[in-house]
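The sequence lines fix the lettering, A, B, ..., with proteins before strands; numbering per chain opens at 1.
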There are 2 protein chains.
Amino acid sequence: MTKFSDFDLQDFTPFLLNIAAEATSLGFQRHYKEKYGMLRTEWRVVFHLGQYGPMHAKEICERARIHKTKVSRAVAALEAKRYLQRKEEAKDRRHETLSLTRRGLAVFDELYEVARSFDADLMAQFTPEERVTLKRCLAQIANL
Amino acid sequence: MTKFSDFDLQDFTPFLLNIAAEATSLGFQRHYKEKYGMLRTEWRVVFHLGQYGPMHAKEICERARIHKTKVSRAVAALEAKRYLQRKEEAKDRRHETLSLTRRGLAVFDELYEVARSFDADLMAQFTPEERVTLKRCLAQIANL
DNA sequence: GATTGGTAGTTACAAAACCAACTATTAGAG
DNA sequence: CTCTAATAGTTGGTTTTGTAACTACCAATC
């Protein structure tokens, strides 16, 4: 029994997006969770610092769309694991510059490769045109 | 400073999907949260029952990809709000058939329309071809 | 140079999610 | 029958998140 035929739950974009996001995230999480005991937010912080270099927590919040309390906790956890270090800025002591340690960088280097091949596998099922369209649409939705 | 130029975090599909999913979900949540005090899982249960008719909790778990403990709690909450009712099955008393009450159905009817127009607005920024591709890709990823 | 307002980041407490063990029930094998 | 295994759903304890209030600091105004 389906009450409506023109608009189905399976077509509701937020629903689809959530399920797709969940599926891919679960697939990838074992790489950072099982092996390095990281949470998703921690992994994202590592990825940001590894790819874009040292920055303030604030910048990570904006780029990664993570609330500052979550970043704050992720940074504390990563520091405890000795994956990153903080450096208070002399000019403005409210800021602290975050950067990966050697250990953290090694983790990033490995996960970066894993992420790249994970993504390649995931995209392998689509044509180049589909990939472009998919990513463009997602980016557009994300910037809403 | 960007260390790698061929594969950027912004291209990592799980990341993109998560941000897009988050953005749309937050946009829609006020409709069920503010007005009806529902959680996301509750809203999904209502949507499933409203669209596909009475079913067992197990079926909702499978269709909506929600863990049974979450469904169990959502059902209890919806029952307390008098949006759904349970009926134990005579044949097999482990099963209970869930269905929306009149109240629940009214909520569904309204939210269904809101969801439809929300989705239409969201998709308005894309061409018909993009929409088709986007949804097809998402559905494919979701079924992984 | 005190006061007010704003910013970066943290903490505390409450809400929600996660995971594992549990109850109640049925099905099937001996 | 009765015993074991399996299924539907629930509960309890821990982890994670969300929200709001907080600290520490800086900048601008008076």
Aromatic Tyr52(B) / basic Arg63(B) pairing, under 6.0 angstrom, 45° off normal:
yes

Out of dG9(D), dT25(C), dG9(C), minimum distance to the side chain of Ala57(B) belongs to dG9(D)

Check the pair His48(B), Glu59(B) against side-chain hydrogen bond (donor to acceptor under 3.5 Å, both in side chains), reporting the backbone distance first and the verdict last.
CA-CA 10 Å; His48(B) 273 268; Glu59(B) 285 182 75; over 6 Å; no

Presence of salt bridge, Glu62(A) and Lys58(A), under 4.0 angstrom:
yes

Can you tell me how far C1' of dG9(C) sits from NE2 of His67(A), to the nearest Å?
11 Å

Find the distance Lys58(A):NZ to dA8(C):P and express it as a whole number of Å.
4 Å

With Glu110(A), which residues qualify under side chain to side chain donor-acceptor pair (under 3.5 Å), at least two apart?
Lys35(A), Tyr36(A)

Send over the distance from Ile66(A) CD1 to dG18(D) P, rounded to a whole Å.
11 Å

Under 4.0 Å, heavy atom to any atom of DNA chain D: which of residues 14-21 of chain B qualify?
none

Distance in angstrom units between Lys70(A) NZ and dT10(C) C1', rounded:
17 Å

Of Leu98(B) and Glu89(A), the one whose closest DNA chain D nucleotide lies more 5'
Leu98(B)

Given dT26(C), dT11(D), dT10(D), identify the nucleotide with an atom nearest to the side chain of Arg73(B).
dT11(D)

I'd like to know if Lys135(A) pairs up with Asp119(A) as an ion pair, taking the criterion as any Lys NZ or Arg NE/NH1/NH2 lying under 4.0 Å from an Asp or Glu carboxylate oxygen.
yes

Any donor-acceptor pair under 3.5 Å between the side chain of Arg94(B) and the base of dT7(D)?
yes

Taking the six-membered ring of Tyr32(A) (Phe, Tyr or Trp), confirm whether the NZ or CZ of Arg40(A) is under 6.0 Å from its centre and within 45° of its axis.
no

In this structure, how many angstroms lie between the P atom of dG9(D) and the CZ atom of Arg86(B), rounded?
9 Å

Send over the distance from Lys91(A) NZ to dA8(C) P, rounded to a whole Å.
16 Å

Basic-acidic side-chain contact under 4.0 Å: Arg136(A), Glu130(B)
yes

How long is the line joining NE2 of His95(B) and C1' of dA24(C), in whole Å?
13 Å

By nearest-heavy-atom nucleotide on DNA chain C, the more 5' of Glu22(A) and Asp92(B) is Glu22(A)

Specify the residues of residues 24-47 of chain B, ordered by number, for which at least one heavy atom lies under 4.0 angstrom from an atom of DNA chain D.
none

Could you tell me the separation between the NE2 atom of His56(B) and the P atom of dT25(C), rounded to a whole number of Å?
16 Å

Answer with yes or no whether the hydrophobic clustering places Phe7(B) together with Trp43(A); edges join I, L, V, M, F, W, Y residues whose side-chain heavy atoms lie under 4.5 Å apart.
yes

For Arg73(B), is there an ion pair with Glu42(B) - N to carboxylate O distance below 4.0 angstrom?
no

